[in-house]
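Data first, discussion second: the structure below is written as structure tokens.
Letters A, B, ... mirror the listed sequences (proteins, then strands); counts begin at 1.
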Number of protein chains: 2
Amino acid sequence: MAGIEEVARATGVSTATVSRALRGLPNVSDKTRAAVRRAADELGYVASSSASGLASGRTLAMGVVVPSVSRWFYTQVLEGVDAELRGASYDMILFNLGGHRGDRERVFHRSILRKRTDALLALCLDFTPAEREQLATLGHPTIVVGGPVKGLRSVGIDETSTAYTATSHLISLGHTDIAHLGGEDEEGLNSQVPIGRLHGFNDAMRDAGIVVRPEWVIPGGFSLPESRAAMNRLLDRPGPRPTAVFAGSDEMAFGAILAAGDHGLRVPEDLSVIGIDDHDYAAGFGLTTMAQDPFEQGATAARILLDELGGAEPRVSSVSSPVSLVVRSSTAPPR
Amino acid sequence: MAGIEEVARATGVSTATVSRALRGLPNVSDKTRAAVRRAADELGYVASSSASGLASGRTLAMGVVVPSVSRWFYTQVLEGVDAELRGASYDMILFNLGGHRGDRERVFHRSILRKRTDALLALCLDFTPAEREQLATLGHPTIVVGGPVKGLRSVGIDETSTAYTATSHLISLGHTDIAHLGGEDEEGLNSQVPIGRLHGFNDAMRDAGIVVRPEWVIPGGFSLPESRAAMNRLLDRPGPRPTAVFAGSDEMAFGAILAAGDHGLRVPEDLSVIGIDDHDYAAGFGLTTMAQDPFEQGATAARILLDELGGAEPRVSSVSSPVSLVVRSSTAPPR
DNA sequence: TTGAAAGCGATACCAA
DNA sequence: TTGGTATCGCTTTCAA
């Protein structure tokens, strides 16, 4: 609770020197610095972030905007971001959109613009032109993780080619009756992600000369329960069934696997399933998937922002994060 | 980017009035308030949090300390906290311990003490006496979610009775050969949680006159992979096998279910499994479990802190959150 | 109801 | 290497 003045008094130097000493700035004698440090420790002094933020213009905090915090991908990115921020002694302000459209405006209007942060990292969001303009006038370094955004650099995988590879894996096993469990257009989220994955699917099918059945392209909302229900409805339908499913995310793939079980179908004998992510549970489900590394993506994005805050040249180009096919036991040739 | 002075100038009133008008304080004429609001909107003025924090002593931010962000329980609590904070226009500063002991000190020393927050909410943490003292001198309202902490009020379930009920469910089905998959003493985390659950297990067994086999009480680290491995090791051992498992969390229960599959055992015919949580995936796994509501717990805790920040009397007692047995298909009488 | 002015607690420039 | 001091942008008495 001690202020800088008390430390100055205890040390017999000015507050200016205390400030310099504690922040590790040059031009402070070792002796003085040591004395100041000792006094600060004893008095339990820590600079008030409001005061130093006001005086210096830097908050030493990074804003992170997430659509929600309870999806595997987001949690992994958050851990990656956090790891970098810790190293730089930056704090993280978490802006959770929580699904509501109205709150999104609140975040932009009240919180982000309050200059509580020095930089902004957004997850899987799309921005309206107005929002992008606000960000621009703020003058903060900004970056997006997960999904390309027009006018902003981003860190993420190549959605289309990843989906292409996943679909091709099924095709190369001999499947032609392939369904796609995709993401819906969740409001405010980055629609480029599900769209890119759908494109990759369509491209792979077309290149293999396979016709896509529209009724086999169904929305799974990026969630297990929704996907399970959607897949169950598909399997309920009379007529031919798909022999394989390309799910746009592992969580949706889990839903497909469970739906197969609901219908007494075995995976992979009766139904092959492939996903995207390499979720923590993917190995448990024996899921074949396109592995990506969201932790690394978050860390990379945070590092880019921190570097720029440190004076580095802004990098304009986006970063493409690697993916790899991990074959497990959920895919096999059709019987 | 406009400052309060510009709004004042544009409106023809003083900065004091602008401040009052924008914050909804009384004693401002409707006409003036409207004019100020309009000018602020047009100029895109939003008060700087550093400046108002410095002047008022309130940051309008709540600190939330989490052991990690990638565990189901934590994400749910976070969503609950966030929902309340949004309603109160509070921002969330997320302090992620990320498992490292050293960073924990950093959080306490540098971040929390920097007065960046008005209150502190901690998840499943235990505090050292020194840490508790620091918190006390800070003078912030503080609360814990998930696990009782000596000297601090908390919001959470009754660990012991919950575990007791879960174990009793297995016993009532006729099981006597029951294993317990528990949490390990993760460093810095609240050890009262796994300990309470173990106690409940032991009590239920004792009350039923069943002797607990120490070699059937194994650690699962609150994670699926660890639990799967631990359970596999248990099942690998020669001699009798348990007919049921009480897992201290759903994620550990999932691990047990997968391990059963690894050994060709059917659930529930060969092995009954019960967990605690009602994880999003519990229904998918058909898991019988003790359901709790972490979202609600987080919201409740946040509300308590917000109320106190708003001037309410501090509540000293802890809040016990309800649980309920949800029977699905993972438990049945032994064969 | 409104305004004037004194802080809030640091930082950063300019001198010494 | 150090100190003095203006300054950051807002809030909050105290008067008017």
Evaluate B:V149 against B:L125 for side chain to side chain contact (heavy atoms under 4.5 Å, CB included), listing each step before the verdict.
CA-CA 8 Å; B:V149 168; B:L125 293 178; over 6 Å; no

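Side-chain atoms of B:S52 and A:R114 include a donor-acceptor pair closer than 3.5 Å.
For B:S19, the listed nucleotide lying nearest its side chain is D:dT12; candidates were C:dG7, D:dG3, D:dT12. In this structure, of D:dT2, C:dG7, C:dA12, it is D:dT2 that holds the atom nearest to the side chain of A:V28. Ranking C:dT1, D:dT12, C:dG9 by closeness to the A:A55 side chain, first place goes to C:dG9. The side chain of A:N27 sits closest to D:dT2 out of D:dT2, D:dT5, D:dT12.
Contact annotation: B:S14 reaches the phosphate of C:dG3 (side-chain N/O to OP1 or OP2, under 4.0 Å). One finds no side-chain N or O of A:Y45 lying less than 4.0 angstrom from the OP1 or OP2 phosphate oxygen of C:dG9. The phosphate of D:dT2 (OP1 or OP2) has a side-chain N or O of A:S29 nearer than 4.0 angstrom. Note on A:T17: every side-chain N or O is 4.0 Å or more away from OP1 and OP2 of D:dT1. In this model, the phosphate group of C:dA12 is approached by a side-chain N or O of A:R23 to a distance below 4.0 Å at OP1 or OP2.
The distance between atom CG of B:D30 and atom P of C:dT2, rounded to the nearest whole Å, is 10 Å. If you take CD1 of A:I4 and C1' of C:dA12, they are 12 Å apart, rounded to a whole angstrom. C:dT2 atom C1' lies 12 Å from atom NZ of B:K31, rounded to whole Å. Taking atom CG on B:L22 and atom P on D:dT12, their separation rounds to 14 Å, with Å as the unit. Atom CZ in B:R9 sits about 13 Å away from atom C1' in D:dG9, given to the nearest Å. Rounded to whole Å, the distance from CG on B:L43 to P on D:dC10 is 12 Å. Rounded to whole angstrom, the span from the CG atom of B:L25 across to the C1' atom of C:dG3 amounts to 15 Å. Put simply, CZ on A:R58 is 18 Å from P on D:dC8, counting in whole angstrom units.
Nucleic acid contact for B:V13: sugar-phosphate only, since backbone atoms but no base atoms lie under 4.0 Å from a heavy atom of the residue. Residue B:A47 is classed as a sugar-phosphate contact, given heavy-atom separations below 4.0 Å to backbone atoms only. Contacts of B:S50 with the nucleic acid, taken as non-hydrogen atoms under 4.0 Å apart, are absent. Heavy atoms of B:R20 sit under 4.0 angstrom from at least one base atom.
Each of B:L54 and B:T32 lies near DNA chain C, and the nucleotide nearest B:T32 is the one positioned closer to the 5' end. For B:A51 and B:A16, each mapped to the nucleotide of DNA chain C holding its nearest heavy atom, the one lying further toward the 5' end belongs to B:A16.
With B:E79 contributing its side chain and A:S68 its backbone, the two residues share no donor-acceptor pair below 3.5 Å. Judged purely by atom type and a 3.5 angstrom limit, B:R9 has no side-chain atom pairing as donor or acceptor with the backbone of B:I4.
Remark: B:K150 does not engage B:E131 in a salt bridge, criterion side-chain N to carboxylate O under 4.0 Å.
Remark: B:S318 OG to B:I143 CD1 distance equals 7.5 Å, nearest 0.5 Å.
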